[in-house]
Amino acid sequence: MFKHIHQPGHDHPVPSEITPRAVYESRRDWLRRVAAGAAAGGLAAWAARDALAQAARPGKLAPLPGGRSAVAGAVTMEKTTGYQDVTSYNNFYEFGTGKADPARLAPAALKTAPWTVEVEGLVKKPGKFAIEDLLKLSAQEERIYRLRCVEGWSMVIPWVGYSLAELIKRVEPQGSAKYVEFVTLADPATMPGLRSAVLDWPYTEALRLDEAMHPLTLLAFGMYGEVLPNQNGAPVRLVVPWKYGFKSAKSIVKIRFVDKEPRTTWTRIGPEEYGFYSNVNPDVDHPRWSQATERRIGEDGLFARKRKTLMFNGYEAQVGQLYAGLDLRKHF
Ligand SMILES: Nc1nc2c(c(=O)[nH]1)N[C@H]1C(S)=C(S)[C@@H](COP(=O)(O)O)O[C@H]1N2
Ligand SMILES: [Mo]
């Protein structure tokens, strides 16, 4: 149980360990790659990382392998969080506000087929994409990103997807398009959380167009080499690794290009607590708690240290220039 999250009465499953067989196979795979001549410094590191991702493949859902990403900063070498943790400790308020609710309810309830994503607004080529076509629009890549929740915990997840920029280029934004809004599924028949007024539905998020075009902004279809589990936002979600987790909208049904900064679910709920940008920033506290440190999920044992939260969640070299000249205390 994660005592630091202040979730009384919530029993968290014990993190699963990598199976010995998977370890054995990934090690064999790694040795094969090294033997095949990948031993030169960087390549060996890549091979080892690939082997780690292999070992983490859980064998629960349809495989969705991703190729090696060439995007700068797309692969952290930190240890990935266990699949069991990533899929059982979730925020997906459409299925309830408890961390265990989405894993308990979403797998059976959320219907991910058929699924369409509609692209509309200020684009030259609006249209509806069947999820099967969206999946094939660009090559799937594996990205190992940290994701940090505004509540103060983080995970390291091998996502599978491609840069949202690939889709944006296809639909050709008009010159007037300045922001991209993401609308997610709100189906009262399958999402019990919608009965609660804790948020106003549908859950929406938005990015500035240049943030949405940044190569690190991932349109994700999978994790751990398989399609996304429902509780993690199947069949398609966003992952914006330098922003608080809530910007990474799950189960997207609509992408809309607009000219003005949209209000989002969280800026509507509490504009003094949740800013439009929501870049991870250890120097700007949430009004009710510090953002200076975080707990890595799966590391909450007796001797686990609190980690220092990094500016832009550690992605400053890649994204810092997007905010040059912006007062990050004002535009939090
Ligand atoms: N549609 C929708 N997307 C959402 C949320 C949500 O409640 N509904 N929660 C957000 C929050 S607060 C976080 S931290 C991440 C959690 O993603 P994960 O459960 O895959 O770790 O999803 C984000 N996307
Ligand atoms: Mo979050």
Side-chain angles (χ1 to χ4, degrees), residues 2 5 7 12 61 80-107 109-110 112 115 117 143-161 181-187 190-194 196-207 218-224 226-255 264-270 273-274 278-280 286 289 291 294-298 309 313:
F2 298 107
I5 305 292
Q7 287 279 321
H12 190 75
L61 298 169
T80 53
T81 304
Y83 184 82
Q84 180 65 25
D85 282 325
V86 172
T87 57
S88 60
Y89 190 84
N90 302 101
N91 275 339
F92 199 168
Y93 280 19
E94 288 84 338
F95 294 97
T97 53
K99 302 294 180 220
D101 292 342
R104 188 166 49 85
L105 301 171
L110 180 63
T112 58
W115 193 277
V117 176
R143 310 272 184 94
I144 304 178
Y145 286 168
R146 285 176 294 275
L147 188 64
R148 189 200 187 280
C149 180
V150 73
E151 294 163 23
W153 46 268
S154 62
M155 301 191 189
V156 178
I157 299 175
W159 303 99
V160 183
E181 194 178 9
F182 305 89
V183 182
T184 71
L185 184 71
D187 176 18
T190 56
M191 297 173 142
L194 268 57
S196 154
V198 60
L199 299 179
D200 59 352
W201 316 104
Y203 187 106
T204 69
E205 260 306 333
L207 297 170
L218 186 70
L219 195 61
F221 301 85
M223 53 164 61
Y224 298 84
E226 300 182 352
V227 298
L228 285 171
N230 288 354
Q231 60 268 40
N232 294 92
V236 59
R237 67 172 294 170
L238 212 58
V239 188
V240 194
W242 70 96
K243 293 178 181 278
Y244 291 118
F246 64 81
K247 300 293 284 184
S248 295
K250 292 176 169 178
S251 305
I252 295 169
V253 293
K254 199 174 278 189
I255 301 179
T264 69
T265 292
W266 290 101
T267 61
R268 273 192 293 262
I269 289 286
E273 301 200 347
Y274 307 99
S278 290
N279 291 318
V280 173
H286 184 281
W289 60 80
Q291 292 291 24
E294 67 199 55
R295 291 277 190 187
R296 183 65 47 82
I297 296 294
T309 287
N313 203 23

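One-based numbering, in listed order, for ligands and for the atoms of each. Quick caveat, the model's predicted, so the values are computed rather than measured.
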Can you produce the list of protein nitrogen or oxygen atoms under 3.5 Å from a nitrogen or oxygen of ligand 1, alongside each distance?
from     : atom 1 : to     : atom 2 : distance (Å)
ligand 1 : 1 (N)  : Glu94  : OE2    : 2.9
ligand 1 : 1 (N)  : Lys250 : O      : 3.4
ligand 1 : 3 (N)  : Lys250 : N      : 3.1
ligand 1 : 7 (O)  : Tyr93  : N      : 2.8
ligand 1 : 8 (N)  : Glu94  : OE1    : 2.8
ligand 1 : 8 (N)  : Glu94  : OE2    : 3.4
ligand 1 : 9 (N)  : Asn91  : O      : 3.2
ligand 1 : 17 (O) : Arg237 : NH2    : 3.3
ligand 1 : 17 (O) : Lys250 : NZ     : 3.4
ligand 1 : 19 (O) : Asn90  : ND2    : 2.8
ligand 1 : 19 (O) : Lys250 : NZ     : 2.7
ligand 1 : 20 (O) : Asn232 : ND2    : 2.9
ligand 1 : 20 (O) : Arg237 : NH1    : 2.6
ligand 1 : 24 (N) : Ser248 : O      : 2.9

Leu238 vs Glu205, test: side-chain contact (heavy atoms from CB on, under 4.5 Å). Steps then yes/no. CA-CA 10 Å; Leu238 212 58; Glu205 260 306 333; 5.8 Å; no

Under 4.5 Å between any side-chain heavy atoms of Ser251 and Phe92, yes or no?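 In contact.
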
Please check if any side-chain donor atom of Lys99 sits under 3.5 Å from a side-chain acceptor atom of Asn90, or the reverse. no

Consider only side-chain N and O atoms of Tyr203 and Trp266, and report whether a donor and an acceptor are under 3.5 Å apart.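 Present: a donor and an acceptor within the cut-off.
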
N/O donor-acceptor pair under 3.5 Å between Lys254 side chain and Phe182 backbone: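 Side chain of Lys254 to backbone of Phe182, a donor-acceptor pair under 3.5 Å: no, none is there.
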
Are the side chain of Asn232 and the backbone N or O of Val86 linked by a donor-acceptor pair below 3.5 Å?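 Yes; judged by distance alone, with no hydrogens or angles, the pair exists.
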
